[in-house]
Q: 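Below is a structure I'd like to ask you about.
Throughout, numbering of the chain's residues begins at 1 and tracks the sequence.
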Amino acid sequence: MKPSYKPLNSVLIKPAGPDCNLGCTYCFYLEKAELFKETTVHRMSDEVLEETIRQVMAQSGKEVSITWQGGEPTLMGLEFFEKVIKYEQIYGKGKTVGNGLQTNGLLIDEEWADFLQRYNFLVGLSIDGPQHVHDHYRLTRSGRPSWETVMKSAKLLMQRDVAVNAMCCITNYSAGFAKEIYDFYKTNGFEWMQFIPIVETDKQNPKKAADFSLTDIQYGEFMIEIFDLWLKDFVNGQPTTNVRFIDTIFHTYVGLQAPECTMARECGVYLTIEHNGDIFSCDFFVDPKWKLGSVKNGHLIDMLNSKKQQQFGALKAQLPRKCRTCSWYKHCFAGCTKDRIKDPRDSGLPRFCKSQIMFLEHADPVFKQLAREWLSQQEKIQAGSAPGKSYNAWNDFMQ
């Protein structure tokens, strides 16, 4: 069967490459500096930026999403992002552009906050929870804690009405504090939460995962506890917080494609653009094997639909029979490919296979009930017998 043509809906851009002003213990991207040895400091040039934005605008549809990530993208300075907006306005020609900034928050000041609010950036702020959790692994390059600075930035962003999501890396340490982390986010105004399970290959022994990596049981128990806290916070049948993996899985219960690539049947639906214009299949696979070309001499849409990108996307389905015949497979599609590669196991099963089964067995009855209610409401809306604002909280993330 001929692969379907993929539209250019989103790109992830790393304008400062692997450079960062933190030295988090679990970071996998700092070591990517080895791929770009031409310079010790990595910054996207104005020429590469303009060509990248020009191509994104020319080759995408009416709406496109751009995520600015790192390393730490704010190392580029505010002037760089003012140029981003200028080029989007020049080449966008009426398109709707959604800009997202994933940041550690260390450089955010009033000028940054005003800019992000003015241009409607969605900010993913890396804050792992309360101080003892965050500072356990998220330290500066000199080994100093970072929590207090990040909290000041969070409060400033919220005061300026910037849309902020809490991005939380779950490790062997933080897994034991699910309620404390969830309560911390709620207390501090983070209503949107994203929990990222951390697994990396041990640098001394490539046959095992690094010590800070999350075990399958830890992650399963963590997700269950977060789910119960999320459910407990319902008011009048509506959730009052948004948890990305819960929202994502709910899509699969109402017949919609999961918006998060980790839970999709196939990956390879976006491109990663490094500071020098090199294009890669995924930000977890910035590796010569998965380099697709360069924005300097190729077209993004062609690379997205290239044979190599199709091969990358197909890796996700290369699973043992036990996965493909599992009754839960349609709700998780084995998770993220990198979790299998960075934690090789003789069974070939994903590291978090047991985690997903634990979570789905626990949450399945609730998801089914919520799905019935949501689908019933949709039918009433289509029949004209219900208000257009359907099942409010769910309707928001379905948009």
Q: Decide yes or no for Thr248 and Pro259: does some side-chain heavy atom of the first lie under 4.5 Å from some side-chain heavy atom of the second?
A: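 Heavy-atom side-chain distance check passes, below 4.5 Å.
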Q: In this structure, would Leu319 and Ile357 fall into the same cluster of hydrophobic residues linked by side-chain contacts under 4.5 Å?
A: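 No; tracing contacts between hydrophobic side chains, which count when under 4.5 Å, never links both residues.
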Q: Of the non-hydrogen atoms in Pro73 and Leu101, which two are nearest, and what is the gap between them?
A: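 It is CG-CD1, 3.6 Å.
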Q: Determine, step by step, whether Ile170 and Ile198 satisfy the side chain to side chain contact (heavy atoms under 4.5 Å, CB included) criterion, reporting the C-alpha distance in whole Å, the side-chain angles of both residues, the deciding distance to 0.1 Å, and the verdict.
A: CA-CA 6 Å; Ile170 306 303; Ile198 295 299; 5.8 Å; no
Q: Taking atom CD as the centre, does Glu31 end up with more than 12 heavy-atom neighbours from other residues, nucleotides or ligands that are less than 6.0 angstrom away?
A: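 It does: Glu31 CD has more than 12 such atoms within range.
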Q: Side chains of Arg160 and Glu110: does their closest heavy-atom pair fall under 4.5 Å?
A: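 The answer is yes, as the side chains (C-beta and beyond) meet within the 4.5 Å cut-off.
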Q: So, does Ser213 use its side chain to make a donor-acceptor pair with the main chain of Ala209 at under 3.5 Å?
A: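 No; zero donor-acceptor contacts below 3.5 Å.
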Q: Examine Leu370 and Val243 and state if one hydrophobic cluster contains both, with Ile, Leu, Val, Met, Phe, Trp and Tyr joined whenever side-chain heavy atoms are less than 4.5 Å apart.
A: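 Yes, it is one cluster - the side chains of Leu370 and Val243 are joined through contacts under 4.5 Å.
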Q: Will you find, in the side chains of Glu63 and Thr96, an N or O donor that is under 3.5 Å from an N or O acceptor?
A: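 Thr96 and Glu63 do not have a side-chain donor-acceptor pair below 3.5 Å.
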Q: Which distance, rounded to the nearest 0.5 Å, do you find between the CG of Asp211 and the OG1 of Thr171?
A: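 One gets 11.5 Å once the value is rounded to the nearest 0.5 Å.
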Q: Stepwise, does the side chain to side chain contact (heavy atoms under 4.5 Å, CB included) test hold for Val162 with Met158?
A: CA-CA 6 Å; Val162 178; Met158 290 181 186; over 6 Å; no
Q: Do Pro130 and Glu180 have side-chain heavy atoms sitting under 4.5 Å apart?
A: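 A side-chain contact exists here, since the closest heavy-atom pair is under 4.5 Å.
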Q: Among pairs that include at least one residue of residues 352-366, which meet side-chain hydrogen bond (donor to acceptor under 3.5 Å, both in side chains), considering only residues two or more places apart or in two chains?
A: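 As it turns out, the side-chain hydrogen bond (donor to acceptor under 3.5 Å, both in side chains) pairs with a partner in residues 352-366, which skip direct neighbours, are Asp228-His362, Tyr253-Asp364, Asp364-Lys368.
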Q: Any luck finding a side-chain donor-acceptor pair between Thr74 and Glu72 under 3.5 Å?
A: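 Thr74 vs Glu72: donor-acceptor pair found between side chains.
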Q: In Å and rounded to the nearest 0.5 Å, what is the CG to CE distance from Leu107 to Met76?
A: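 Between Leu107 CG and Met76 CE, I get 12.5 Å after rounding to 0.5 Å.
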Q: If only side-chain N and O atoms count, and only distance matters, is there a donor-acceptor pair under 3.5 Å linking Asn99 with Asn120?
A: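 Looking only at side-chain atoms, Asn99 and Asn120 do not form any donor-acceptor pair under 3.5 Å.
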Q: Under the 3.5 angstrom rule, does the side chain of Asn236 hit a backbone N or O of Gln238 as a donor-acceptor pair?
A: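 Flag not set: sc Asn236 to bb Gln238 has no pair under 3.5 Å.
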Q: State, to 0.1 Å, how close Leu292 and Ser281 come at their nearest heavy-atom pair, and which atoms those are.
A: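 For Leu292 and Ser281, the tightest heavy-atom pair comes out as CD2-OG, 3.7 Å.
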Q: Are Gln369 and Glu373 linked by a side-chain donor-acceptor pair shorter than 3.5 Å?
A: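 A donor-acceptor contact under 3.5 Å links the two side chains.
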Q: What pair of heavy atoms forms the shortest contact from Asn276 to Lys296, and how long is it?
A: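 Taking Asn276 first and Lys296 second, the nearest heavy atoms are O-CE, 3.1 Å.
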Q: Under a plain distance cut-off of 3.5 Å, with no hydrogens placed, do Tyr87 and Asp46 share a side-chain donor-acceptor pair?
A: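 Yes, side-chain donor-acceptor contact under 3.5 Å.
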Q: Same hydrophobic cluster for Ile13 and Val41, using side-chain heavy-atom links shorter than 4.5 Å among ILVMFWY?
A: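 No.
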Q: Test your reading of the model: is there a side-chain donor-acceptor pair from Gln218 to the backbone of Thr215, 3.5 Å cut-off?
A: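 Flag set: sc Gln218 to bb Thr215 pair under 3.5 Å.
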Q: For residues Asn172 and Tyr26, is any side-chain donor paired with an opposing acceptor at under 3.5 Å?
A: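 On atom types as modelled, these side chains do not qualify, holding no pair under 3.5 Å.
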Q: What's the shortest heavy-atom distance between Pro7 and Leu304, and which atoms?
A: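 For Pro7 and Leu304, the tightest heavy-atom pair comes out as O-CD2, 3.3 Å.
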Q: Does some side-chain heavy atom of Arg265 sit less than 4.5 Å from a side-chain heavy atom of Gln257?
A: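 No, too far: nothing below the 4.5 Å cut-off.
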Q: Between Lys291 (side chain) and Val286 (backbone), is there a donor-acceptor pair under 3.5 Å?
A: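 Between the backbone of Val286 and the side chain of Lys291 there is no qualifying donor-acceptor contact (under 3.5 Å).
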Q: What are the two closest non-hydrogen atoms of Ala16 and Arg43, and how far apart are they?
A: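 Ala16 and Arg43 have their closest heavy atoms at CB-NH1, 4.0 Å.
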Q: What pairs with Tyr173 under ring-ring contact (aromatic ring centres under 6.0 Å, His included), at least two apart in sequence or on another chain?
A: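 Partners of Tyr173 by the ring-ring contact (aromatic ring centres under 6.0 Å, His included) criterion, ordered by chain and then number, come out as His132, His136, Phe177.
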Q: Can you check salt bridge (Lys or Arg N to Asp or Glu O under 4.0 Å) on Asp202 and Lys208, steps first, answer last?
A: CA-CA 6 Å; Asp202 187 277; Lys208 77 181 192 80; 3.6 Å; yes
Q: Check side-chain hydrogen bond (donor to acceptor under 3.5 Å, both in side chains) between Tyr91 and all other residues, then give those that pass, not counting sequence neighbours.
A: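 Per chain and number, Tyr91 pairs via side-chain hydrogen bond (donor to acceptor under 3.5 Å, both in side chains) with Glu50.
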Q: Once you round to the nearest 0.5 Å, how far does NZ of Lys83 lie from CD1 of Ile53?
A: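 Reported to 0.5 Å precision, the distance equals 12.5 Å.
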Q: Kindly indicate whether the side chain of Phe280, heavy atoms from C-beta on, has any atom under 4.5 Å from the side chain of Leu271.
A: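 No, side chains not in contact.
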Q: So, using ring-ring contact (aromatic ring centres under 6.0 Å, His included) as the criterion, who are the partners of Phe195 when residues are at least two apart?
A: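 ring-ring contact (aromatic ring centres under 6.0 Å, His included) check on Phe195 returns Phe222.
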Q: For the atom pair NZ (Lys32) and NE2 (His42), what is the distance rounded to the nearest 0.5 Å?
A: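 One finds 13.0 Å between NZ of Lys32 and NE2 of His42.
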Q: Can you tell me how far the CD1 atom of Ile108 sits from the CG atom of Leu156, to the nearest 0.5 Å?
A: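 One finds 8.0 Å between CD1 of Ile108 and CG of Leu156.
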Q: Return yes if some donor-acceptor pair links the side-chain N/O of Trp230 with the main-chain N/O of Thr241 below 3.5 Å, else return no.
A: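 It does hold such a pair.
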Q: Distance check, rounded to the nearest 0.5 Å: Ser60 atom OG versus Ile301 atom CD1?
A: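 Rounded to the nearest 0.5 Å, the OG-CD1 separation comes to 8.5 Å.
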Q: Between the main-chain N or O of Met57 and the side-chain N or O of Lys95, is there a donor-acceptor pair closer than 3.5 Å?
A: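 Yes; judged by distance alone, with no hydrogens or angles, the pair exists.
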Q: In terms of the angle between their ring planes, are Phe115 and Phe121 parallel, tilted or perpendicular, with boundaries placed at 30° and 60°?
A: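 The arrangement is tilted - the two ring planes meet at 30° to 60°.
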Q: Checking the side chain of Lys14 only, and the main-chain atoms of Gly70 only, is there a donor and an acceptor separated by less than 3.5 Å?
A: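 Looks like yes, one N/O pair under 3.5 Å.
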Q: Does atom CZ (Arg372) have a neighbourhood of more than 12 heavy atoms from anything else shown, all under 6.0 Å?
A: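 Enclosed: over 12 neighbouring heavy atoms sit under 6.0 Å from CZ of Arg372.
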Q: Less than 4.5 Å apart, side chain to side chain, heavy atoms only: is that true for Phe352 and Val199?
A: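 With C-beta onward as the side chain, the pair touches.
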Q: Of the non-hydrogen atoms in Ala334 and Cys323, which two are nearest, and what is the gap between them?
A: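 Where Ala334 meets Cys323 most closely, the heavy atoms are CB-SG, 4.4 Å.
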Q: Between the side chain of Ser146 and the main-chain N/O of Arg138, is any donor-acceptor distance below 3.5 Å?
A: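 Yes: the side chain of Ser146 pairs with the backbone of Arg138.
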Q: I'd like to know if Val164 and Leu122 are part of one continuous hydrophobic network [Ile/Leu/Val/Met/Phe/Trp/Tyr, side-chain heavy atoms within less than 4.5 Å].
A: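 No; Val164 is not reachable from Leu122 via cluster members.
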Q: Any ring pair (Phe, Tyr, Trp, His ring centres under 6.0 Å) pairs touching residues 293-321, not counting sequence neighbours?
A: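 Applying ring pair (Phe, Tyr, Trp, His ring centres under 6.0 Å) to every pair that reaches into residues 293-321, excluding sequence neighbours, yields Phe285-Phe312, Trp290-Phe312.
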Q: So Lys152 and Thr149, do their side chains get closer than 4.5 Å, heavy atoms only?
A: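 Result no, sub-4.5 Å side-chain heavy-atom pair not found.
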Q: Taking the six-membered ring for Trp, are Tyr185 and Trp192 ring centroids under 6.0 Å apart?
A: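 Not close enough - the centres of the two rings lie 6.0 Å or further apart.
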Q: Strictly by side-chain hydrogen bond (donor to acceptor under 3.5 Å, both in side chains), give each pair with a member in residues 319-336 just once, sequence neighbours left out.
A: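 Every pair satisfying side-chain hydrogen bond (donor to acceptor under 3.5 Å, both in side chains) with a residue in residues 319-336: Thr252-His331.
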Q: In this structure, would Leu360 and Phe333 fall into the same cluster of hydrophobic residues linked by side-chain contacts under 4.5 Å?
A: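 Unlinked, Leu360 and Phe333 end up in two clusters.
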Q: If only atom types and distance count, is the side chain of Gln55 paired as donor or acceptor with the main-chain N or O of Val295 below 3.5 Å?
A: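 Checked: pair present.
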Q: For residues Asn242 and Asp247, determine if any side-chain heavy atom of one lies less than 4.5 Å from a side-chain heavy atom of the other.
A: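 Side chain of Asn242 against side chain of Asp247, heavy atoms only: contact under 4.5 Å found.
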Q: Is a side-chain N or O of Trp147 found less than 3.5 angstrom from the main chain of Gly129, in a donor-acceptor match?
A: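 Present.
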Q: Could you go step by step and tell me if Phe81 and Tyr119 meet the ring pair (Phe, Tyr, Trp, His ring centres under 6.0 Å) rule?
A: CA-CA 10 Å; Phe81 283 92; Tyr119 294 106; over 10 Å; no
Q: Please work out which of the three classes, parallel, tilted or perpendicular, describes the rings of Phe367 and Phe227, given edges at 30° and 60°.
A: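 Rings of Phe227 and Phe367: tilted, 30 to 60°.
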